[in-house]
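A short write-up of the structure that comes next.
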Amino acid sequence: MFSPNFSQLDRLVSWDESTLNAYKQLFSALSSIPISHYALVFMLVWVVFLYNFLEFHFFEDFFSGFRGAPVHLTFHPTSHIYHGVVSKCKILHGRYLATPWLSSPHFQTAFLNFFGNPPAFNYRRQLYHASDGGTIALDWLTSSDVSRGTVEASNTISKDDTTPLVVVIPGLTSDSSSSYIKHIAFGLAKHGWDVVVSNHRGLGGVSITSDCFYNAGWTEDARVVIDYLHRQYSKAPLFAIGTSIGANILVKYLGEDREKVPIAGAVAICSPWDLLIGDRFICRRLLQKLYDRALTIGLQGYAKMHEPRYSRLANWEGIKKSRSIRDFDNFATCLVGKFETVDTYYRRSSSSPYVQNVSVPLLCISALDDPVCTREAIPWDECRANKNIVLATPQHGGHLAFFEGITASRLWWVRATDEFLGVLNASPHMHVKKTETLEQQVPMESSIDQGPFVNIAEDGMVAAVGNEHAENRVDKHFVVSASDQKQQPVEAKQEEVAGSSGEVPGESSSLQHIKSFNVVATTRRWLNHLSRQNGKSMWLLAYIAIITSWPILSSALRIFYRKKLKNVPTAR
């Protein structure tokens, strides 16, 4: 039989009692500590957690004596852009110190979007009508506007003006009223530049007037606007600045057109570079998911403004239920843009594959702590291999923020961009467009004179009416408040409108003999454009070829039969 070992049981019971007494003493000691001490320890732990979670770098700046961190530059060893331009830029070779009370990329990015400390000024608006019927709002701020302090409707730019002109392409769901756009526009205009902000379709208070929407890889609007400005102000050096998605569009456009672009120099700020990597990054951590959700709400608001077209062209129920940018792209962008999948759209729209083809001086600025566009997507090797590109990567700055100074009243990248473009404009390293001889003789067709008329409703939106009698149209200009973006029509000015071949009235006879030689180049250019937009459909190209060549064939047949009829004897 089993006989219990009472000695072992006694030892076990005594051990339990001693352990229990120890815990009692411990709890008694802990209970004697004041509650305020526990609160202090909890707050300390919470602060340490938030400091790391929000990626603060205040103590890093403090222990460095608030000197800031140096800007890392990536470039080709024999780059003439670096040695001839960037090497003379003191800001890029200096240090960047963030505003001390905004020493977090998330605080900087949030402060930019909610406050931003933008300068106060007015734009002058011009409506550009694309050949497909779309409407693009071009908001102007000239150096004379800033010097006078007011924007006058009659203060137009002369076509012979040589003042450098800068085109700004905003980011996703951003327009000319965004804080960072105001900073760059005012900063450049203050230093003697003429600035025009090319708003994306459907933004800036202008409605969608065609079935074509912008997306992260849509470069056609940038191309036609830049070409138009180059033709209108051919004597002014033309530069371009892209921000966020606008930077991706700009770099992709520069890589697509290579030497043919009329851009003398460009700057890309906080580009996402690779949209597929960016898509994986923005849903990885909790904070990134918050950015993803915030951007999705902005896209849904954009879709809500243009619900009639989105509900017809896309999945409206899916758009309303979207919880991420990927969801929105799946239910809207892919359907409107005819992309097979979201990943296909991201791959085709990314600018990183085009970096190696950029042929103009290009400065790229990206913060290494950017919470939206990750450093993992930066094409370091491609930028280093291209002699036309210099990549500047500050350690801090957030997304499009880079606030500096104790009052956070200015952006570092705005000063760096202004200095770079100023040095480039005074150097012999500006890019010169390379075109065929025939294309230089006759300007391209101006699509600004082919779009439909517009009606301005009380809410400031623009709706298409028709394109009949385009030769009698009047382009209206508006004064747009930078604070509320409200449009108020001012006195319209009748302008001379170019004809379908880009002629100026009064010069028809002098250009008539050139037109016959330019038929082949013009036809080839439009065929290439149509093949890009329609998947190289051979049937469509054959149809276009017949339509474009029919006037020549009909004229030849008419002359042939006229000679035949002359040889037929007439009846007496």
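When each of I263, L138, V196 is paired with V167, the side-chain contact (heavy atoms from CB on, under 4.5 Å) condition holds for V196 and for no other.
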Checklist entry - After noting the C-alpha distance and the side-chain angles of F402 and C270, does the key distance pass the side-chain contact (heavy atoms from CB on, under 4.5 Å) rule? => result CA-CA 11 Å; F402 298 87; C270 296; 3.9 Å; yes

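With contacts defined as side-chain heavy-atom distances shorter than 4.5 Å, the pair S198/D221 does not qualify. N113 has its side chain out of reach of S179: every pair of non-hydrogen atoms, C-beta onward, lies at least 4.5 Å apart. Within the 4.5 Å cutoff, side-chain heavy atoms of I226 are placed close to those of Y253. Between L165 and F239, the closest side-chain pair of non-hydrogen atoms is not below 4.5 Å.
A distance-only check finds no donor-acceptor pair linking the side chain of W218 to the backbone of F213 [under 3.5 Å]. Side chain of H431 to main chain of A266: no donor-acceptor pair is present (N/O by atom type, distance under 3.5 Å, no hydrogens or angles). Remark: the backbone N or O of H399 is paired with a side-chain donor or acceptor of T109 at under 3.5 angstrom. Under a 3.5 Å cut-off, the side chain of H200 and the backbone N or O of P170 do form a donor-acceptor pair. No donor-acceptor pair closer than 3.5 Å links the side chain of K387 to the backbone N or O of H76. Checking side-chain atoms of T209 against main-chain N and O of T135 turns up a donor-acceptor pair under 3.5 Å. In terms of modelled atom types and a separation under 3.5 Å, the side chain of R415 and the main chain of I91 share no donor-acceptor contact. Panel note: side chain D175, backbone N199; no donor-acceptor pair is recorded below 3.5 Å. No donor-acceptor pair closer than 3.5 Å links the side chain of T99 to the backbone N or O of I406. Side-chain N or O atoms of N248 include one that pairs as donor or acceptor with a backbone N or O of S351 at under 3.5 Å.
For the side chain to side chain donor-acceptor pair (under 3.5 Å) condition, the pairs that include at least one residue of residues 353-362, sequence neighbours left out, are R258-N357.
Ring-centre distance between Y214 and Y302: below the 6.0 Å cut-off. Taking the six-membered ring for Trp, H129 and Y228 have ring centres at least 6.0 Å apart.
For the 3.5 Å distance criterion, the side chains of T142 and S144 qualify, holding a donor opposite an acceptor. Of the N and O atoms on the side chains of D160 and S158, not one donor lies less than 3.5 Å from an acceptor on the other residue.
Closest non-hydrogen pair, C89 versus F420, comes out as SG-CA, 3.8 Å.
Contacts of E382 classified as salt bridge (Lys or Arg N to Asp or Glu O under 4.0 Å), with partners at least two apart in sequence or in another chain: none.
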